[in-house]
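Before any comments, here is the structure.
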Amino acid sequence: MEEYTREPCPWRIVDDCGGAFTMGIIGGGIFQAIKGFRNSPQGMKHRMKGSLISIRTRAPQLGGSFAVWGGLFSMIDCSLVKVRGKEDPWNSITSGAMTGAILAARNGPVAMVGSAAMGGILLALIEGAGILLTRFASSQFVNGPPIPDDASQLTQASPFGSYQQYQ
Amino acid sequence: MPVTVGGPYGQSQPGCFDKIKMGFMMGCTVGMAAGALFGTFSCLRVGMRGRELISGIGKTMMQSGGTFGTFMAIGMGIRC
């Protein structure tokens, strides 16, 4: 999901899969802890036990489904990079939609279309936010004064004559 | 993850906490937008209209914004 620093292509699949699994485990742990705590009967002991059971049963499931999504997503992403020969936001939007469609394939064509639309819209939002964020961040983080060009190199005559293109 | 060192340009490297905050903000924005979209459909489907619809959409937006923000923050946190 991060477009700032991404692994080169074949290894991105492993990276995304593992990252998504970790993300799902930790996030699922947090949410299931709260949910299990609230759904348990009265008493601190019951509540702690309930939240622990809930984490143990549900967090790995969530991590697994995240990992499947992430792995399939970056597999399709890498295939698209290979096929199209370029990397742009459309790649990840397309692969998000295709991932949604493939993962809902067992539920019939209607569910596939709905899931594909959801994946595509979600990835489009994420990509759009990433583009906005990088544009915003580049104006936000102020760079230091740029290194002044060494002017002595400019006056030096090039041995190959002028590099200008005449057309 | 290749780290861009500040180097001669003197750019301050955003710290881990800054990254997590940024991730949360980004996830919150995305989640709110997604919640507005999907929440409208699902609230209209169950037959909410008028004031009830607005509050239903708002609730969905807040919920999905929080969830997305948390997950994005974690995703940023495990990579730094």
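Chain identifiers are assigned alphabetically (A, B, ...) following the order of the sequence lines, protein sequences preceding nucleic acid strands; residue numbering begins at 1 within each chain. From a predicted model like this one, the values you see are computed outputs, not experimental measurements.
When all heavy atoms of B:A33 and A:L125 are compared, the closest pair comes out as CB-CD2, 3.8 Å. Considering every non-hydrogen atom in both B:A34 and A:L122, the closest pair reads CB-CD1, 3.7 Å.
Tracing side-chain contacts under 4.5 Å through hydrophobic residues (I, L, V, M, F, W, Y), one reaches A:M118 starting from A:I121; they form part of the same cluster. Taken together through direct or relayed side-chain contacts under 4.5 Å among Ile, Leu, Val, Met, Phe, Trp and Tyr, B:M22 and A:I126 form part of one hydrophobic cluster. In the hydrophobic clustering of ILVMFWY residues, with side-chain heavy atoms under 4.5 Å counting as a link, B:I74 and A:F66 come out together. Transitive grouping of hydrophobic side chains (ILVMFWY, heavy atoms separated by less than 4.5 Å) brings A:I102 and A:L80 into a common cluster. Under the 4.5 Å side-chain heavy-atom criterion for Ile, Leu, Val, Met, Phe, Trp and Tyr, A:L123 and A:I76 are members of the same hydrophobic cluster.
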Start with the C-alpha distance between A:L132 and B:M26, add both sets of side-chain angles, then the distance that settles side-chain contact (heavy atoms from CB on, under 4.5 Å), and finish with yes or no. CA-CA 10 Å; A:L132 279 183; B:M26 188 172 139; over 6 Å; no

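B:T70 contributes atom OG1, which lies 11.0 Å from atom CE of A:M23 (distance to the nearest 0.5 angstrom). Separating the CZ atom in B:R79 from the CG atom in A:D15 is a distance of 5.0 Å, to the nearest 0.5 Å.
Using a 4.5 Å cut-off between heavy atoms, B:T29 makes no contact with chain A at all.
The number of heavy-atom neighbours closer than 6.0 Å to CE of B:M25, taken from other residues, nucleotides and ligands shown, is 12 or below.
For residues 52-68 of chain B, heavy-atom neighbours of chain A at less than 4.5 Å comprise B:T67, B:F68, sorted by residue number. Residues of residues 24-40 of chain A that come closer than 4.5 Å to chain B, counting heavy atoms only, are A:G24, A:I26, A:G27, A:G28, A:I30, A:F31, ordered by residue number.
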